[in-house]
Enquirer: 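Sending over a structure as structure tokens; questions will come in a sec.
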Number of protein chains: 2
Amino acid sequence: MTQPVKGRVTIPSENNFYEETLKIAAQWHADAVRDSDGTHLDPRFKDNHMKIYNAYFPVRGHNDFISQHREEIPEAYLMSERVVATEATVTIAFAEAYFDQQLQPDYRHDPKEYWQVYDRTAGVVIDPVQWSVDQAHNTITVTDITPWHEFTVSFLAYCIWDPVEMYNHLTNDWGDKPHEMPFDVLQPHSHEFVLAEMKRWLADHPEVDVVRFTTFFYQFTLIFNKHAKEKYVDWFGYGLTVSPRMMAEFEKATGEKLTAEDFVDEGYYNSPFRVPSDHFRQYIDFVSQFVSETAKELVDLVHADGKEAMMFLGDHWIGTEPYGKYFSHIGLDAIVGSVGDGTTTRMIVDIPHVRYREGRFLPYFFPDSFNEHNDPSIEAKQNWIQARRAILRAGMERMGYGGYLSLAAKFPKFVDTVTQITDEFRDIHAHTQDTKPQSNLRVYVLNQWGKLRSWQAFTVAHAIPNKGSYTYYGVMEALSGMNVDVHFLSFQDILKNGIPNDADVLLNMGDEGTAYSGGDVWQNPQLVAAINAFVHQGGGFVGIGDPSAVRYQGQFFQLKQLLGVEREVGYTLSYDKYFTEVTKDHFITQGIDQFNWGESKLGVYSTDEATQILEYSNGEIHLSAHPFGQGQGVYMTGLPFSFLNARLLMRAIYYAAGATDRITQGYADNPACEVSLFPETHQYCVINNSAEAVDTTVYLNATSKHAVHLAGNAIEWGSLK
Amino acid sequence: MTQPVKGRVTIPSENNFYEETLKIAAQWHADAVRDSDGTHLDPRFKDNHMKIYNAYFPVRGHNDFISQHREEIPEAYLMSERVVATEATVTIAFAEAYFDQQLQPDYRHDPKEYWQVYDRTAGVVIDPVQWSVDQAHNTITVTDITPWHEFTVSFLAYCIWDPVEMYNHLTNDWGDKPHEMPFDVLQPHSHEFVLAEMKRWLADHPEVDVVRFTTFFYQFTLIFNKHAKEKYVDWFGYGLTVSPRMMAEFEKATGEKLTAEDFVDEGYYNSPFRVPSDHFRQYIDFVSQFVSETAKELVDLVHADGKEAMMFLGDHWIGTEPYGKYFSHIGLDAIVGSVGDGTTTRMIVDIPHVRYREGRFLPYFFPDSFNEHNDPSIEAKQNWIQARRAILRAGMERMGYGGYLSLAAKFPKFVDTVTQITDEFRDIHAHTQDTKPQSNLRVYVLNQWGKLRSWQAFTVAHAIPNKGSYTYYGVMEALSGMNVDVHFLSFQDILKNGIPNDADVLLNMGDEGTAYSGGDVWQNPQLVAAINAFVHQGGGFVGIGDPSAVRYQGQFFQLKQLLGVEREVGYTLSYDKYFTEVTKDHFITQGIDQFNWGESKLGVYSTDEATQILEYSNGEIHLSAHPFGQGQGVYMTGLPFSFLNARLLMRAIYYAAGATDRITQGYADNPACEVSLFPETHQYCVINNSAEAVDTTVYLNATSKHAVHLAGNAIEWGSLK
Ligand SMILES: [Mg+2]
Ligand SMILES: [Mg+2]
Ligand SMILES: [Mg+2]
């Protein structure tokens, strides 16, 4: 076995904890030290060998400045609650639902020009002559309307409290600590201030090696309600990027005029689950271009000062779009992001155009995990195990932790656990030498977002499970550690360039009418024809939930012909459903007899004798396969994450690809285990994802297999030679 | 107690079973005797006191005639299987999926004029110049098409075997018995023949008192596949009414030209679950008018002969539409129909414009029920109990049985059970004197069909449960015996005339996009405004499943404002869902702690603090209530039938109506029991729907209650004075 690579670990520290930090850093072989929210590093780090990271917040923390330029506070379009008119006049307290310490109506710009009153029952905008604003009470009175219709007001509001600081402030009861007001770098004074402040800060911080931008300019959408509770959170939301200036610049650049409804989107605020409108796509592009150009100005200053620029993937990350076409222009050296699981790991480590990527592991050293009632080493271990399989697939140059090290130091078992984790992390690098693991197949995940939102599908708030999406998110998580290459493809990519030549399997999943399933795009014959041809000529298609779903021309699944199943949405009840018999001993279900379909779809049935039904219960199909020409379609109703479900998906993908003979190229027959092959270093490893000791047969190829016993969560390396 | 009314019962009989029939008839107090399929009555019935019913089949059983006029055989539009083209030419064996002994392509009428080839992927009709028919092989070759699109052929076919006779023939293995060919009374020779044959038959059958039409002219849609198995069944289907002549007559009458697609409907064949197109509505109207006029010709002959005309509600009943505007013109004396449950009972007994209605109870005296392994008295009892509560609500003048009496006679326990049932049936009449029971509320069931399809919503095949509809059918069944007046209302009724003044509660239910939920009609602001006003001013709205569902203007439930709940279909995942606490001790759930929601909807959540969540599990709501102005909205995700669920619905309806104080007007606190009040005869009864003995408190009004013990399935009568 090669020697462990030293370093690769970032440790948090704080004032008056210098000696203790050095001791733990030695144990973890940490080679970089960072501050955390509310901590400052001991000045003595300046003189030791460790790299110093310092968080940098470009657009908050300067109330002295922004209070002189309140017109440059960022804004959001908000929709009032819906109000049913009981007569021909209605008065709407439009801001009532919102937290007035966060959001204040913008009366600086003419409401008649920027706001909209909607008759939501009729689906029409009310002529502004019919309404008037009462600025003292934040109400709008609308006249000459149809009684018993429902009305909304879309209005511009200043976001006067930085949402992340607000969240921390409220959560930690910071009392009368002043609220940090954000500022919008699109505005002239703010732009000038941000650059000047960056220069000043660099001059003041010669000891810093890495400027950790947290982040750049626009916070993801986070809106609180009148009770100071979270009302709306969209980790991808562009809601807080808007301003009359941004709209004007957009119009100048594109010729397209935006209205309130482009942002309000019927109250859905362009959720990433919505099929994006053309305007919203253009707007993302426009903001991203602006953000990349302006972020580059800061990064250039950092570089000119001889420092590295690192971006935190979170908070004010909107517009950076790390998988978008402008990201490379920023010129960042590194990315750091919070590791919630395998999917978020891949979201970080697959980002191109940076020299290195760092995962911040959990738990954060805060009292919620570090207290006398909790053993934080458990979460640390779980977090590591779920990320490990993704790291084995895609690499991760560095890892680290955050929070108060002085707190973590009181938990010696935790410190020991992290010692083991960091050793194991470095050991992976020692064996892999940052080379790529073998991939046996190429899978393209197909949705409205494609590459732009790689590893970001089905996330609402970063790494937080959601009842409406965990059934699909489980597929992302399963893929994050699977020995296949995962790519992301949009419908528009197919319509423009066809299906990539190297695709083995297309995967489409999600609920009817969402951006992930695709919605009306499935009425486009060019799309359907392309996939028909691809599969008929030997490709694989895996559909999960409502794949290719739109109610059109006698089908709900527009790819029914290749899936061999249809979902009963009420129109085919008159048809007899003959086929209910389960195919036993099928490749896909081999060794798997427990199923969990999550928020499963009801009423899926076979439309073809050739359909192989693999699981049938409650009078419906949850898993099936179907030949189509030289290729195969596989259907499943849903797949929440578990290691067993990850195995099921793996077998389904290999089957769909017609590559069942390739499954032994790095395989363990125990579903708790996974095998990665590193041909360039002639190494392989077997991991045990379960906390229990297990036995498994390990296959390195079709002719080489051997038995292995693995301790709980163990990783074992071997030679391919 | 008044004396039982004698008679009211029809008994089946057969040749050589005269004396035995008289004996059982005496036991059952039967006053009418009928033949059954394949039986003939003993000639001696001519001279006894009993009325004689005789089945009459106007459009089948005369192969001698129709084989001389094969061009008058009824037709159907059929859609081929969908075929994916792998190149620019495709050949479709369009009739391959169908049973060739039932269905034969019509080459008599020019395929180029009547058939359609569809590109289903592009959603366009292919120009007939691009295709040619190979009559010898029943194939169509289409050229110059886009490869990888999917194609269908819609073609006219003669239905050369009467579907009901075919079903009996195949089921009973009748071997080489000739297939009965139907004929179409719209055609000149058939029309003439039907009238002449009716006259001849009447002359030949002086002994008959009641001509039981089974039925008139058009069989409901029943299509078999190439394996001689049922492929498609729609008890309401107009599929077998079509012909080039019918299309021509339609065009003459309406000015509208029909095409194959008007019948094929993307392959959905105008299922009653589909929102009906304007053409299909017009077509139903047109056929119904024709059927009523032509049926009247036969009924007039029957009357002229001094006999009664009775119609069987089934088989060739298409176009009679007993709740439609032409039915009364037929001039029928009576209706008879098969009693499957409470809903089918109401479907029969609520039919207007006849003097009496007769229910044919189960089991039919056939060997499938009457054999040594089965006790047919169990089904007889269950059938009676489920129908009884509907009979108590709406009356049923007569009852009867069908099949081979000689077979039933071998089951003395069964004969005794029917003796009890018929006694109980007459006893109901003795107490009620055919007066109406008290109704405390008026409920309008709102869907696309309205009154035309009273008690027919959610049926696919008569009284056969269906996975896709039992969750809503349970509501119909619950209503069939509830002490409320049930009416059926269409959206068009509301748009034309507003909500009826006497409505207490509107009920809308079904799956998104179906005729029962309503589909796109919910985008009509006039509809939504009318219901908003109705409920706000004190009305009740009960929504089940996907009520008012259409994806429009930021809502899925367009009546979210009055239901206080929304269903997550993927667009509002970014919104926090705060409200999950269940309201205890609510009127609706009082005494009910077991729930069964059937094929329940996923992801329903509260949108309003004021929503009373009544059942919450799996992270979602299945039952809730919400105030709206002076009225209430109630939501439930589904309601398969059980007596407990019927009670739950009853309480929900009273709550929605704001009529909780009226629930004691005829109420039993044991959910197994129901109370009916007959104010005109000053009688009331308590029924025990369960087979077990029960105790209950009976409420006759707000101030009168008393304890009752009831034997299993008992009915007890008392005086209201
Ligand atoms: Mg240093
Ligand atoms: Mg007689
Ligand atoms: Mg009646």
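Convention: sequence-line order gives letters A, B, ...; per-chain numbering from 1.
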Enquirer: Relative to chain A, which of B:Tyr516, B:Trp522, B:Tyr571, B:Phe273 shows the most heavy atom pairs under 4.5 Å?
Expert: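 Answer, by heavy-atom pair count under 4.5 Å with chain A: B:Tyr571.
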
Enquirer: For the CZ atom of A:Arg551 and the CD atom of B:Glu512, what is their distance to the nearest 0.5 Å?
Expert: 4.5 Å

Enquirer: Where on B:Leu602 is there a heavy atom nearer than 4.5 Å to chain A: the side chain, the backbone, both, or neither?
Expert: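 Interface part for B:Leu602: side chain.
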
Enquirer: Among B:Arg274, B:His149, B:Met79, B:Glu230, single out the residue with the greatest number of heavy-atom pairs under 4.5 Å to chain A.
Expert: B:Glu230

Enquirer: With a 4.5 angstrom heavy-atom cut-off, is it the side chain or the backbone of B:Val569 that approaches chain A, or both, or neither?
Expert: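 For B:Val569, the backbone is the part near chain A, not the side chain.
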
Enquirer: Would you confirm whether A:Tyr268, through its side chain, and B:Gln553, through its main-chain N or O, come within 3.5 Å as a donor-acceptor pair?
Expert: no

Enquirer: Taking every non-hydrogen pair under 4.5 Å, which of B:Ser469, B:Pro272, B:Gly510, B:Ala529 racks up the most with chain A?
Expert: B:Ala529

Enquirer: Who wins among A:Thr572, A:Leu527, A:Asn618 for the most heavy-atom pairs under 4.5 Å with chain B?
Expert: A:Asn618

Enquirer: Could you tell me whether A:Lys560 and B:Glu150 make a salt bridge, using a distance below 4.0 angstrom between a side-chain N and a carboxylate O?
Expert: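 Judged by the 4.0 Å cut-off on N to carboxylate O distance, A:Lys560 and B:Glu150 do not form a salt bridge.
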
Enquirer: Can you confirm whether the side chains of A:Gln555 and B:Arg82 place a donor and an acceptor under 3.5 Å from each other?
Expert: yes

Enquirer: According to the interplanar angle, ranging from 0 to 90°, do the rings of B:Tyr575 and A:Tyr269 count as parallel (below 30°), tilted (30 to 60°) or perpendicular (above 60°)?
Expert: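 Rings of B:Tyr575 and A:Tyr269: tilted, as their planes differ by 30° to 60°.
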
Enquirer: Looking at A:Trp148, is its backbone amide N or carbonyl O close enough to the side chain of B:Asn532 to form a donor-acceptor pair, meaning the two atoms are under 3.5 Å apart?
Expert: yes

Enquirer: With chain B as the partner, which of A:Pro147, A:Ala122, A:Ala85, A:Ser271 has the greatest number of non-hydrogen pairs under 4.5 Å?
Expert: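 If we count pairs closer than 4.5 Å to chain B, A:Ala122 comes out on top.
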
Enquirer: At what distance, to the nearest 0.5 angstrom, does OH of B:Tyr232 lie from CG of A:Leu573?
Expert: 9.5 Å

Enquirer: Pick one of side chain, backbone, both or neither for B:Thr146, based on which atoms fall under 4.5 Å of a heavy atom in chain A.
Expert: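 Neither; nothing under 4.5 Å.
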
Enquirer: Are more than 12 heavy atoms from other residues, nucleotides or ligands located less than 6.0 Å from atom OH of A:Tyr552?
Expert: yes

Enquirer: Measuring from A:Lys231:NZ to B:Tyr578:OH, what's the distance to the nearest 0.5 Å?
Expert: 5.5 Å

Enquirer: Return the option, out of B:Ser517, B:Gly513, B:Ala515, with the maximum number of heavy-atom pairs under 4.5 Å with chain A.
Expert: B:Gly513

Enquirer: Sort A:Lys229 into side chain, backbone, both or neither according to what part of it lies under 4.5 angstrom from a heavy atom of chain B.
Expert: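 Interface part for A:Lys229: both.
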
Enquirer: Sort out for me which of A:Asp511, A:Ile531, A:Val233 touches chain B most, counting heavy-atom pairs under 4.5 Å.
Expert: A:Val233

Enquirer: Could you report the tightest heavy-atom contact between B:Thr514 and A:Gly570, atom names first, then the distance?
Expert: CG2-CA, 4.2 Å

Enquirer: Would you mind telling me which of A:Gly267, A:Gly603, A:Ala533, A:Gly468 has the largest number of heavy-atom pairs within less than 4.5 Å of chain B?
Expert: A:Ala533

Enquirer: Is a salt bridge present between B:Lys467 and A:Glu620, judged by a nitrogen-to-oxygen distance below 4.0 Å?
Expert: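 Yes, B:Lys467 and A:Glu620 are salt-bridged.
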
Enquirer: To the nearest 0.5 Å, what is the distance between CD on A:Gln537 and OG1 on B:Thr86?
Expert: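 Between A:Gln537 CD and B:Thr86 OG1, I get 9.5 Å after rounding to 0.5 Å.
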
Enquirer: At a heavy-atom separation under 4.5 Å, does B:Asn466 approach chain A through its side chain, its backbone, both, or neither?
Expert: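 Contact with chain A: side chain only.
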
Enquirer: Is B:Asp265 in contact with chain A via its backbone, its side chain, both, or neither, using a 4.5 Å heavy-atom distance?
Expert: neither

Enquirer: Hey, which of A:Val528, A:Asn225, A:Ile223 has the most heavy atom pairs under 4.5 Å with chain B?
Expert: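 Highest number of heavy-atom pairs under 4.5 Å: A:Asn225.
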
Enquirer: Under a 4.5 Å heavy-atom cut-off, does chain A meet the side chain of B:Thr459, its backbone, both or neither?
Expert: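 Interface part for B:Thr459: neither.
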
Enquirer: Go through the atoms of B:Tyr118 and report whether side chain, backbone, both or neither lie under 4.5 Å from a heavy atom of chain A.
Expert: side chain

